[in-house]
Amino acid sequence: MIRSFARAAALVALTAATSAFAAYPEKPVTVVVPFAAGGPTDVVARTLAQAMGTQIKGSMIVENAGGAGGTIGAGKVARAAGDGYTLLFHHIGMATAPSLYRKLDFKPTEDLIPIGAVVEVPMTIIAKPQMAQTTLKDLLSFVKTNADKINLANAGIGSASHLCGMLLQSALKADLTTVPFQGTGPAMTALLGGQVDLMCDQSTNTTGQIKGGKVKAYAVTSKNKLATFPELPTLASEVAGFEVGVWHILYAPKGTPADVITKLQTGLQAAVKDAAFVAKMKDLGAEIMPVDRQNSAAAKALLASEIAKWSPIIQAAKVYAD
Ligand code: ASP
(Lines give C-alpha, C1' and ligand atoms only; values in the text may rest on other atoms or scores of the structure.)
Protein backbone atom coordinates (compact mmCIF):
# COMPACT_ATOMS: atom_id res chain seq x y z
CA MET A 1 0.00 0.00 0.00
CA ILE A 2 2.73 2.38 1.09
CA ARG A 3 4.82 1.26 -1.85
CA SER A 4 2.03 1.79 -4.39
CA PHE A 5 1.32 5.21 -2.87
CA ALA A 6 4.98 6.13 -3.30
CA ARG A 7 4.88 4.83 -6.88
CA ALA A 8 1.78 6.90 -7.61
CA ALA A 9 3.40 9.99 -6.10
CA ALA A 10 6.51 9.44 -8.23
CA LEU A 11 4.32 9.06 -11.30
CA VAL A 12 2.52 12.31 -10.51
CA ALA A 13 5.88 14.09 -10.07
CA LEU A 14 7.15 12.64 -13.37
CA THR A 15 3.98 13.65 -15.20
CA ALA A 16 4.24 17.14 -13.72
CA ALA A 17 7.87 17.43 -14.86
CA THR A 18 7.00 16.15 -18.33
CA SER A 19 4.06 18.49 -18.71
CA ALA A 20 6.17 21.39 -17.36
CA PHE A 21 8.55 20.76 -20.23
CA ALA A 22 5.77 20.18 -22.75
CA ALA A 23 4.53 23.71 -22.12
CA TYR A 24 8.01 25.29 -22.45
CA PRO A 25 8.35 28.17 -23.07
CA GLU A 26 5.53 29.58 -20.96
CA LYS A 27 7.12 33.02 -20.66
CA PRO A 28 9.76 35.01 -22.58
CA VAL A 29 13.24 33.51 -22.70
CA THR A 30 16.02 35.98 -21.89
CA VAL A 31 19.16 35.74 -24.01
CA VAL A 32 22.04 37.48 -22.24
CA VAL A 33 24.60 39.11 -24.53
CA PRO A 34 27.74 39.76 -22.47
CA PHE A 35 28.53 42.97 -24.38
CA ALA A 36 26.91 46.35 -24.94
CA ALA A 37 23.98 46.84 -27.29
CA GLY A 38 24.68 47.77 -30.89
CA GLY A 39 27.82 45.65 -31.24
CA PRO A 40 28.53 42.54 -33.30
CA THR A 41 27.53 39.90 -30.74
CA ASP A 42 24.37 41.86 -30.01
CA VAL A 43 23.37 42.12 -33.66
CA VAL A 44 23.72 38.37 -34.27
CA ALA A 45 21.93 37.55 -30.99
CA ARG A 46 18.97 39.81 -31.83
CA THR A 47 18.62 38.37 -35.32
CA LEU A 48 18.81 34.84 -33.91
CA ALA A 49 16.38 35.60 -31.07
CA GLN A 50 13.83 36.87 -33.56
CA ALA A 51 14.04 33.78 -35.76
CA MET A 52 14.37 31.29 -32.91
CA GLY A 53 11.46 32.71 -30.89
CA THR A 54 9.16 31.84 -33.79
CA GLN A 55 10.59 28.33 -33.94
CA ILE A 56 10.11 27.56 -30.23
CA LYS A 57 6.67 29.22 -30.27
CA GLY A 58 7.64 31.78 -27.67
CA SER A 59 9.55 34.99 -27.49
CA MET A 60 13.25 35.50 -26.91
CA ILE A 61 14.39 38.81 -25.47
CA VAL A 62 17.98 40.05 -25.56
CA GLU A 63 19.48 41.55 -22.40
CA ASN A 64 22.90 43.22 -22.54
CA ALA A 65 25.25 42.60 -19.62
CA GLY A 66 28.58 43.99 -20.82
CA GLY A 67 31.89 44.42 -19.03
CA ALA A 68 35.18 42.62 -18.36
CA GLY A 69 35.41 41.16 -21.85
CA GLY A 70 32.16 39.23 -21.60
CA THR A 71 32.96 37.51 -18.30
CA ILE A 72 30.38 39.46 -16.27
CA GLY A 73 27.45 38.42 -18.48
CA ALA A 74 28.73 34.87 -18.86
CA GLY A 75 29.13 34.54 -15.08
CA LYS A 76 25.61 35.84 -14.57
CA VAL A 77 24.15 33.11 -16.77
CA ALA A 78 26.45 30.47 -15.27
CA ARG A 79 24.80 31.18 -11.91
CA ALA A 80 21.22 31.50 -13.25
CA ALA A 81 18.54 28.84 -12.74
CA GLY A 82 18.73 26.00 -15.26
CA ASP A 83 15.10 26.34 -16.30
CA GLY A 84 15.47 27.34 -19.94
CA TYR A 85 14.47 30.95 -19.32
CA THR A 86 17.97 32.44 -19.15
CA LEU A 87 20.42 31.70 -21.97
CA LEU A 88 23.78 33.12 -23.01
CA PHE A 89 24.90 34.09 -26.49
CA HIS A 90 28.67 34.36 -26.45
CA HIS A 91 31.71 34.04 -28.66
CA ILE A 92 35.33 32.89 -28.72
CA GLY A 93 35.88 34.76 -25.43
CA MET A 94 34.38 31.78 -23.65
CA ALA A 95 37.49 29.82 -24.73
CA THR A 96 40.07 32.55 -24.13
CA ALA A 97 38.85 33.87 -20.75
CA PRO A 98 39.98 30.76 -18.80
CA SER A 99 43.58 31.46 -19.91
CA LEU A 100 43.40 35.26 -19.71
CA TYR A 101 41.87 35.51 -16.24
CA ARG A 102 43.82 34.30 -13.22
CA LYS A 103 40.49 34.15 -11.40
CA LEU A 104 37.24 33.48 -13.23
CA ASP A 105 34.07 33.12 -11.18
CA PHE A 106 32.58 30.43 -13.40
CA LYS A 107 33.78 27.34 -15.25
CA PRO A 108 32.90 27.58 -18.97
CA THR A 109 32.88 23.83 -19.57
CA GLU A 110 31.05 22.89 -16.36
CA ASP A 111 28.61 25.69 -15.54
CA LEU A 112 27.09 26.09 -19.00
CA ILE A 113 25.64 23.68 -21.54
CA PRO A 114 26.30 24.53 -25.20
CA ILE A 115 23.08 24.27 -27.23
CA GLY A 116 24.67 24.67 -30.65
CA ALA A 117 27.22 26.69 -32.62
CA VAL A 118 25.58 29.41 -34.71
CA VAL A 119 27.96 31.44 -36.87
CA GLU A 120 31.64 32.16 -37.43
CA VAL A 121 32.59 35.75 -38.13
CA PRO A 122 35.84 37.12 -39.59
CA MET A 123 37.50 40.12 -37.98
CA THR A 124 38.67 43.25 -39.74
CA ILE A 125 41.42 45.72 -38.92
CA ILE A 126 39.94 49.19 -39.04
CA ALA A 127 41.02 52.71 -38.08
CA LYS A 128 39.53 56.12 -37.44
CA PRO A 129 38.63 58.02 -40.62
CA GLN A 130 41.52 60.45 -40.15
CA MET A 131 44.20 57.73 -40.25
CA ALA A 132 46.58 58.78 -43.05
CA GLN A 133 47.91 55.34 -44.02
CA THR A 134 46.18 53.73 -46.98
CA THR A 135 47.69 50.23 -47.22
CA LEU A 136 48.09 47.44 -44.69
CA LYS A 137 51.87 47.52 -45.12
CA ASP A 138 51.97 51.24 -44.36
CA LEU A 139 49.65 50.89 -41.38
CA LEU A 140 51.75 48.11 -39.83
CA SER A 141 54.99 50.00 -40.21
CA PHE A 142 53.34 53.13 -38.78
CA VAL A 143 52.11 51.08 -35.80
CA LYS A 144 55.58 49.60 -35.22
CA THR A 145 57.28 52.98 -35.18
CA ASN A 146 54.57 54.98 -33.37
CA ALA A 147 53.30 52.45 -30.86
CA ASP A 148 53.37 54.90 -27.96
CA LYS A 149 51.04 57.28 -29.80
CA ILE A 150 48.36 54.76 -30.82
CA ASN A 151 45.17 53.84 -28.96
CA LEU A 152 43.63 50.47 -29.66
CA ALA A 153 39.98 49.97 -28.70
CA ASN A 154 38.67 46.68 -27.37
CA ALA A 155 35.78 45.21 -25.40
CA GLY A 156 37.91 44.37 -22.37
CA ILE A 157 40.19 41.49 -21.47
CA GLY A 158 38.78 38.26 -22.77
CA SER A 159 36.97 39.87 -25.68
CA ALA A 160 37.63 38.98 -29.30
CA SER A 161 38.92 42.48 -30.02
CA HIS A 162 41.32 42.13 -27.10
CA LEU A 163 42.54 38.76 -28.34
CA CYS A 164 43.08 40.08 -31.86
CA GLY A 165 44.82 43.23 -30.60
CA MET A 166 47.00 41.25 -28.22
CA LEU A 167 48.14 38.88 -30.98
CA LEU A 168 48.81 41.80 -33.31
CA GLN A 169 50.88 43.68 -30.72
CA SER A 170 52.80 40.54 -29.93
CA ALA A 171 53.47 39.84 -33.65
CA LEU A 172 54.56 43.45 -34.33
CA LYS A 173 56.41 43.76 -31.00
CA ALA A 174 54.51 46.99 -30.45
CA ASP A 175 53.05 48.06 -27.13
CA LEU A 176 49.93 50.12 -27.83
CA THR A 177 47.63 51.83 -25.34
CA THR A 178 44.47 49.75 -25.11
CA VAL A 179 41.14 51.38 -24.35
CA PRO A 180 38.44 48.99 -23.05
CA PHE A 181 34.72 49.48 -23.71
CA GLN A 182 31.72 47.39 -22.62
CA GLY A 183 31.45 46.14 -26.17
CA THR A 184 32.66 47.19 -29.59
CA GLY A 185 29.35 48.90 -30.38
CA PRO A 186 30.35 51.87 -28.18
CA ALA A 187 34.00 51.41 -29.28
CA MET A 188 32.89 51.96 -32.88
CA THR A 189 31.26 55.27 -31.90
CA ALA A 190 34.57 56.37 -30.36
CA LEU A 191 36.48 55.26 -33.47
CA LEU A 192 34.11 57.16 -35.77
CA GLY A 193 34.60 60.23 -33.60
CA GLY A 194 38.40 59.85 -33.74
CA GLN A 195 38.71 59.38 -29.96
CA VAL A 196 40.50 56.06 -30.52
CA ASP A 197 42.77 55.14 -33.44
CA LEU A 198 42.46 51.45 -34.21
CA MET A 199 40.28 48.43 -33.65
CA CYS A 200 40.15 44.81 -34.68
CA ASP A 201 36.52 43.73 -34.72
CA GLN A 202 34.00 41.35 -36.23
CA SER A 203 32.66 42.09 -39.71
CA THR A 204 29.19 42.00 -38.13
CA ASN A 205 30.06 45.39 -36.61
CA THR A 206 32.30 46.83 -39.28
CA THR A 207 30.76 45.91 -42.65
CA GLY A 208 28.31 48.82 -42.79
CA GLN A 209 30.93 51.36 -41.71
CA ILE A 210 33.52 50.04 -44.17
CA LYS A 211 31.05 49.99 -47.07
CA GLY A 212 29.86 53.48 -46.15
CA GLY A 213 33.47 54.74 -46.13
CA LYS A 214 33.09 55.84 -42.49
CA VAL A 215 36.23 54.07 -41.25
CA LYS A 216 39.54 53.10 -42.84
CA ALA A 217 39.78 49.35 -43.43
CA TYR A 218 43.07 47.51 -43.86
CA ALA A 219 42.72 43.75 -43.58
CA VAL A 220 40.62 40.73 -42.72
CA THR A 221 41.72 38.09 -40.22
CA SER A 222 40.22 35.17 -42.15
CA LYS A 223 42.41 32.68 -43.99
CA ASN A 224 41.10 33.87 -47.35
CA LYS A 225 39.91 37.24 -48.59
CA LEU A 226 36.20 37.93 -48.16
CA ALA A 227 33.76 38.07 -51.04
CA THR A 228 32.22 41.16 -49.41
CA PHE A 229 35.56 43.04 -49.42
CA PRO A 230 37.65 41.67 -52.30
CA GLU A 231 39.93 44.72 -52.06
CA LEU A 232 40.98 43.95 -48.45
CA PRO A 233 44.08 41.76 -48.03
CA THR A 234 44.31 39.11 -45.34
CA LEU A 235 46.31 40.15 -42.29
CA ALA A 236 48.21 36.89 -42.78
CA SER A 237 49.62 38.27 -46.04
CA GLU A 238 51.79 40.57 -43.87
CA VAL A 239 51.78 38.79 -40.50
CA ALA A 240 52.36 35.10 -41.25
CA GLY A 241 49.87 32.70 -39.69
CA PHE A 242 47.55 35.40 -38.30
CA GLU A 243 44.08 33.93 -38.42
CA VAL A 244 41.17 34.56 -36.04
CA GLY A 245 37.56 33.55 -36.62
CA VAL A 246 34.98 34.53 -34.02
CA TRP A 247 32.55 31.64 -33.48
CA HIS A 248 29.35 32.08 -31.51
CA ILE A 249 27.59 29.49 -29.36
CA LEU A 250 24.24 29.64 -27.56
CA TYR A 251 24.37 28.24 -23.99
CA ALA A 252 22.02 27.35 -21.14
CA PRO A 253 23.03 27.15 -17.46
CA LYS A 254 23.90 23.74 -16.04
CA GLY A 255 20.90 21.87 -14.71
CA THR A 256 18.71 22.81 -17.68
CA PRO A 257 16.59 19.71 -18.43
CA ALA A 258 17.74 17.66 -21.42
CA ASP A 259 14.32 18.00 -23.04
CA VAL A 260 14.58 21.78 -22.93
CA ILE A 261 18.09 21.64 -24.43
CA THR A 262 16.74 19.42 -27.22
CA LYS A 263 13.87 21.81 -27.90
CA LEU A 264 16.25 24.78 -28.02
CA GLN A 265 18.67 22.87 -30.23
CA THR A 266 15.89 22.05 -32.69
CA GLY A 267 14.75 25.68 -32.61
CA LEU A 268 18.31 26.88 -33.27
CA GLN A 269 18.74 24.51 -36.20
CA ALA A 270 15.54 25.79 -37.80
CA ALA A 271 16.28 29.45 -36.98
CA VAL A 272 19.62 29.48 -38.82
CA LYS A 273 17.74 28.43 -41.97
CA ASP A 274 15.26 31.30 -41.59
CA ALA A 275 15.41 33.52 -44.69
CA ALA A 276 15.77 36.78 -42.73
CA PHE A 277 18.55 35.30 -40.55
CA VAL A 278 20.42 33.92 -43.57
CA ALA A 279 20.16 37.22 -45.49
CA LYS A 280 21.34 39.32 -42.54
CA MET A 281 24.32 37.05 -41.82
CA LYS A 282 25.33 37.08 -45.50
CA ASP A 283 25.09 40.86 -45.56
CA LEU A 284 27.36 41.17 -42.49
CA GLY A 285 29.94 38.63 -43.67
CA ALA A 286 29.06 35.96 -41.07
CA GLU A 287 29.22 32.28 -42.05
CA ILE A 288 26.46 30.08 -40.70
CA MET A 289 28.02 27.10 -38.94
CA PRO A 290 27.89 23.77 -40.80
CA VAL A 291 24.84 21.69 -39.85
CA ASP A 292 26.95 19.16 -37.94
CA ARG A 293 28.07 21.90 -35.53
CA GLN A 294 24.58 23.17 -34.78
CA ASN A 295 24.07 20.76 -31.88
CA SER A 296 24.97 20.49 -28.23
CA ALA A 297 27.62 17.75 -28.49
CA ALA A 298 29.46 19.40 -31.39
CA ALA A 299 29.36 22.85 -29.76
CA LYS A 300 30.73 21.32 -26.56
CA ALA A 301 33.59 19.73 -28.53
CA LEU A 302 34.26 23.04 -30.33
CA LEU A 303 34.49 24.90 -27.01
CA ALA A 304 36.87 22.30 -25.53
CA SER A 305 39.12 22.27 -28.59
CA GLU A 306 39.27 26.09 -28.69
CA ILE A 307 40.17 26.28 -24.98
CA ALA A 308 43.03 23.85 -25.70
CA LYS A 309 44.05 25.81 -28.82
CA TRP A 310 44.23 29.27 -27.22
CA SER A 311 45.75 28.35 -23.86
CA PRO A 312 49.38 27.92 -25.07
CA ILE A 313 49.11 30.96 -27.38
CA ILE A 314 47.91 33.18 -24.53
CA GLN A 315 50.48 31.78 -22.11
CA ALA A 316 53.24 32.50 -24.63
CA ALA A 317 51.96 36.09 -25.03
CA LYS A 318 52.04 36.43 -21.19
CA VAL A 319 48.79 38.41 -20.91
CA TYR A 320 46.65 38.09 -17.79
CA ALA A 321 43.85 39.86 -16.00
CA ASP A 322 43.01 39.72 -12.31
N1 ASP B 1 33.24 42.46 -30.69
C2 ASP B 1 33.34 42.50 -29.28
C3 ASP B 1 34.57 41.76 -28.85
O4 ASP B 1 35.57 42.30 -29.08
C5 ASP B 1 32.17 42.14 -28.49
C6 ASP B 1 30.89 42.83 -28.85
O7 ASP B 1 30.68 44.00 -28.57
O8 ASP B 1 30.08 42.13 -29.42
O9 ASP B 1 34.56 40.73 -28.24
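Start at 1 and go down the list; that is how both ligands and their atoms are numbered.
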- Message: Minimum distance, heavy atoms only, to atom 2 (C) of ligand 1: which one of Ile92, Thr41, Thr184, Val121 is it?
- Response: Thr184
- Note on the structure: Here the ring-ring contact (aromatic ring centres under 6.0 Å, His included) pairs for residues 246-276, sequence neighbours left out, are Phe89-His248, His91-His248
- Note on the structure: Min over Met199, Met123, Gln202, His248 of heavy-atom distance to atom 1 (N) of ligand 1 lands on Gln202
- Item | Heavy-atom gap Ala36 to ligand 1 smaller than 4.0 Å | no
- Query: Heavy atom of His162 under 4.0 Å from ligand 1?
  - Reply: no
- Item | Residues clustered with Val291, ILVMFWY side-chain links under 4.5 angstrom | none
- Note on the structure: A student checking ligand 1 against Gly183 at a 4.0 Å heavy-atom cut-off should list atoms 7 (O)
- Query: Which value, rounded to the nearest 0.5 Å, describes the distance between Ile115 atom CD1 and Thr262 atom OG1?
  - Reply: 10.0 Å
- Item | Ligand-side contact atoms (ligand 1) for residue partner Ser159, heavy atom cut-off under 4.0 Å | 3 (C), 4 (O), 9 (O)
- Is Lys27 positioned over the aromatic face of Tyr85, cation under 6.0 angstrom from the ring centre and no more than 45 degrees off axis? yes
- Task: Could you tell me which non-hydrogen atom of Ala171 sits nearest to which non-hydrogen atom of Val239, and how far apart they are?
- Result: CB-CG1, 3.5 Å
- Return yes or no for this condition: an N or O of Ala160 is under 3.5 Å from an N or O of ligand 1. yes
- Query: Which residue supplies the protein heavy atom nearest to atom 9 (O) of ligand 1, what is that atom called, and how far is it?
  - Reply: His91 NE2, 2.6 Å
- Message: As a quick check of understanding, evaluate salt bridge (Lys or Arg N to Asp or Glu O under 4.0 Å) for Lys76 and Glu63, giving each step before the final call.
- Response: CA-CA 11 Å; Lys76 181 178 167 168; Glu63 181 188 302; 2.5 Å; yes
- Task: Please could you name the atoms of ligand 1 that Phe35 approaches to less than 4.0 Å, counting only its heavy atoms?
- Result: 5 (C), 6 (C), 7 (O), 8 (O), 9 (O)
- Quick one: does Asp201 get a heavy atom under 4.0 Å from ligand 1? yes
- Check ligand 1 against Ala155 and write out every atom of the ligand that is under 4.0 Å from a heavy-atom position of the residue. 2 (C), 3 (C), 4 (O)
- Look at the side chain of Ser159 and the backbone N and O of His162, then say whether any donor-acceptor pair between them is shorter than 3.5 Å. yes
- Item | Thr47, Asn64, Thr204 screened by side chain to side chain donor-acceptor pair (under 3.5 Å) with Asp42, the one that passes | Asn64
- Query: Should you measure from each heavy atom of Ser161, which atoms of ligand 1 turn up under 4.0 Å away?
  - Reply: 3 (C), 4 (O), 9 (O)
